[in-house]
Amino acid sequence: AANRIKCQNNLKQIALAAHNYHDQFGAFPIGVTLADAAGRFPNGRFTDYFVELLPYLEQQNVYDRWDFANPYNN
């Protein structure tokens, strides 16, 4: 029962983070940004849904260290 409650709380925190992101940017974060045929990322950023939510999950320090230009550094 304790593990179920912990999991439910984690899901609730992710949902709240997603809604806070939506309130700030007017849209939910993109699922994933993939490279084009030449290996370049749109806007020069490699990111996904959970990376964009990190600041809203009290993980700003991890977000600041994320290398958006080169996914192999993460």
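Keep in mind that the numbers below use all heavy atoms, side chains included, and drop hydrogens, waters and symmetry copies.
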> Table please: side-chain donor-acceptor pairs of residues 19-27 below 3.5 Å, with sequence neighbours left out.
unit_1: N20; atom_1: ND2; unit_2: L16; atom_2: O; d: 3.3
unit_1: Q24; atom_1: OE1; unit_2: Y56; atom_2: OH; d: 2.3

> With sequence neighbours excluded, give me every salt bridge (Lys or Arg N to Asp or Glu O under 4.0 Å) pair touching residues 49-63.
R45-E52
> According to a 4.5 Å side-chain heavy-atom criterion applied to Ile, Leu, Val, Met, Phe, Trp and Tyr, with indirect links allowed, do V62 and V51 form part of one hydrophobic cluster?
yes
> Excluding sequence neighbours, so at least two apart, what forms side-chain contact (heavy atoms from CB on, under 4.5 Å) with R65?
none
> Would a 4.5 Å heavy-atom cut-off, applied to side chains only, mark I14 and F50 as touching?
yes
> How far apart are the closest heavy atoms of P29 and L53, and which atoms are they?
CG-CD2, 3.9 Å
> To the nearest 0.5 Å, what is the distance between CG on D67 and OG1 on T47?
11.5 Å
> Hey, would you say the Y63 and F68 ring centroids sit under 6.0 Å apart?
yes
